[in-house]
There are 2 protein chains.
Amino acid sequence: MTKTMKISEAVVRRLPVYLRFLNELHKKNVQTVSSQDLGQKLDLNPAQIRKDLAYFGEFGKKGIGYDVDYLIEKIRQILKLDKVIPVALVGAGNLGRALCNYNAYLKDNMKIVAVFDALSNKVGESINNLKVKPMQELCPTIKELNVRIGIITVPAAEAQSVANQFVESGVEAILNFAPIIIKVPNEIRVHHADFTTELQSLAYYLD
Amino acid sequence: MTKTMKISEAVVRRLPVYLRFLNELHKKNVQTVSSQDLGQKLDLNPAQIRKDLAYFGEFGKKGIGYDVDYLIEKIRQILKLDKVIPVALVGAGNLGRALCNYNAYLKDNMKIVAVFDALSNKVGESINNLKVKPMQELCPTIKELNVRIGIITVPAAEAQSVANQFVESGVEAILNFAPIIIKVPNEIRVHHADFTTELQSLAYYLD
DNA sequence: TAGATTGTTAATCGATTAACAATC
DNA sequence: TAGATTGTTAATCGATTAACAATC
């Protein structure tokens with residue numbers, strides 16, 4: 001079924017979750033896993049997991065399940081994590097620093113290769129072996145390092161301007177942590193990762 | 001339509017987005033807003049916005065739109081943000097510190113009132129006027145301060161244990177930043193805010 | 001009154017789940 | 001062979017969007 005076909009966002013968002021758990025199984029030397037097992041651990045319906053994977057190919061064996069290592073390889077390919085993806089981050093505040101230091105965890109081929117900040121007292125600081133650069137260097141650096149994804153961790157007031165600069169520099173996708181909806185051309189993908197929204201929607205479920 | 005009725009998660013997640021934008025309008029002294037305006041700014045269908053709000057009451061005026069201040073008040077009530085909600089955080093690493101310092105932004109009545117860490121060298125540190133406490137004090141402190149929401153910013157390996165302690169202490173909802181699915185009793189609400197997942201699903205959309 | 005915009009019903013669209021033949 | 005589990009179709013469920021009468 002590897003045809004061209006719009007895969008729903010919900011499916012795409014589950015793939016990294018599968019990948020993460022498969023990586024754990026790999027570390028534990030588990031060879032094989034069934035959709036049943038996966039579903040139980042990830043709180044998902046097994047049929048859904050099988051269907052998700054089947055959009056991209058026939059990765060399992062009937063009566064057996066999925067080979068862990070093979071499935072890891074396949075999901076990495078699907079998510080384009082089979083080669084290193086250079087990422088840039090703007091906003092060397094607390095959150096930005098946290099994400100940079102997480103770099104180690106971003107093993108699956110995501111690598112923050114440049115950090116920028118508008119404040120001159122931040123510029124030149126070292127974060128996880130990266131020197132913070134001034135905003136003027138954003139565009140040339142992004143082009144030079146072939147950065148494909150941009151992360152925004154600046155205050156809301158500056159987020160749109162940073163997004164514009166990312167777009168002009170040729171970034172293809174943006175992860176925005178600022179609490180504001182940023183507008184970009186259709187061909188650029190934006191994900192919003194705003195934890196105040198997350199926290200406030202949690203409050204609804206309090207008794 | 002203020003009946004008891006299961007409101008879908010998708011609806012609840014949009015409410016904080018509305019609230020945030022309405023707060024902006026309020027600051028600009030805008031009196032009234034239509035679902036049309038809202039939809040355009042937030043990239044949502046106007047009909048959807050009207051429907052979302054209509055689950056909770058009749059907040060608009062036909063031919064006019066919604067009174068900004070009144071709608072803010074109503075959404076705050078719906079999200080239970082009309083009184084202060086005490087929040088606790090475990091894990092005083094980079095991410096934890098970032099969230100604590102964000103406290104200022106959490107104006108809408110979410111307040112981090114306690115921070116914990118398992119490492120003795122972290123304990124006693126001051127973050128945003130809060131002293132980091134050792135894990136043994138988690139349960140008594142949470143009960144004393146009536147903490148209702150817990151935030152987890154520890155490594156994946158410790159996240160489940162922290163969640164268990166939150167649950168035992170009487171926390172009602174958890175926001176988990178650790179890259180692992182944590183298991184809790186049904187009556188506890190958990191939201192996962194894992195940015196590696198977010199970043200990896202972005203990669204899918206690269207050309 | 002004419003124009004605008006809500007609240008709500010009906011229509012559409014899409015995603016999840018159940019069921020089962022195929023097969024390891 | 002008997003048991004397990006996939007891939008996939010069909011059934012269900014739920015969410016989004018369109019349309020429009022009500023009304024400010």
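Chain naming here is simple, since letters A, B, ... match the order of the sequence lines and numbering starts at 1 in each. None of the values given here were measured: they were computed from a predicted structure.
Between D/dT6, C/dA10, D/dT8, one nucleotide has an atom nearer to the side chain of A/Lys51 than all others, and that is D/dT8. Here D/dC20 is the nucleotide among C/dA15, D/dT8, D/dC20 with the atom lying nearest to any side-chain atom of B/Arg50. Distance from the side chain of A/Glu58 is smallest for D/dG7 among the nucleotides D/dA19, C/dA18, D/dG7.
Of the residues in residues 60-69 of chain A, those placing a heavy atom less than 4.0 Å from an atom of DNA chain D are A/Gly60, A/Lys61, A/Lys62, A/Gly63, A/Ile64, A/Gly65, A/Tyr66, in numerical order.
Rounded to an integer number of Å, the gap from A/Leu71 CG to D/dT5 P is 16 Å. The CD-C1' distance, from B/Gln31 to C/dT5, rounds to 18 Å in whole Å. For the pair B/Tyr70 OH and C/dT6 P, the computed distance is 15 Å after rounding to whole Å. At whole-Å resolution of the value, CG in A/Asp52 and C1' in D/dT6 are 14 Å apart. When the P atom of C/dG7 is taken as reference, atom CD of B/Gln48 falls 15 Å away, rounded to whole Å. If you take OH of B/Tyr55 and P of D/dG14, they are 12 Å apart, rounded to a whole angstrom. Nucleotide C/dT17 holds its P atom 11 Å from the CG atom of A/Asp43, rounded to whole Å. In this entry the distance linking CZ of A/Phe56 with C1' of D/dG7 reads 15 Å, nearest Å.
Between A/Arg13 and B/Glu198 a salt bridge is recorded (basic side-chain N to carboxylate O distance below 4.0 Å).
The base-pairing partner of C/dA15, taking Watson-Crick or G-U wobble contacts with both distances under 3.5 Å, is D/dT12. The pairing partner recorded for C/dA21 is D/dT6, the criterion being a Watson-Crick or G-U wobble arrangement whose two distances lie under 3.5 angstrom.
Residue A/Asn94 holds its CG atom at 4.5 Å from CG of B/Asn101, rounded to the nearest 0.5 Å.
Tested against A/Ile75, the residues A/Asn23, A/Leu81, A/Leu22, A/Asp52 include a single side chain to side chain contact (heavy atoms under 4.5 Å, CB included) partner, A/Leu22.
Across all non-hydrogen atoms, the minimal contact from A/Ala92 to A/Val132 is CB-CG2, 4.1 Å. Taking both residues in full, the closest heavy atoms of A/Asn176 and A/Ile180 are given as ND2-O, 3.0 Å, listed atom of the first, atom of the second, then distance.
Within a 6.0 Å sphere centred on NZ of A/Lys183, other residues, nucleotides and ligands contribute more than 12 heavy atoms. For B/Gln40, the CD atom sits in a loose shell: 12 or fewer heavy atoms of surrounding residues, nucleotides or ligands are nearer than 6.0 Å.
For the pair B/Arg13 and D/dA15, the criterion of a side-chain N or O lying under 4.0 Å from OP1 or OP2 is not met.
For the pair B/Ser35 and A/Glu9, nearest-nucleotide mapping onto DNA chain C gives the more 5' position to B/Ser35.
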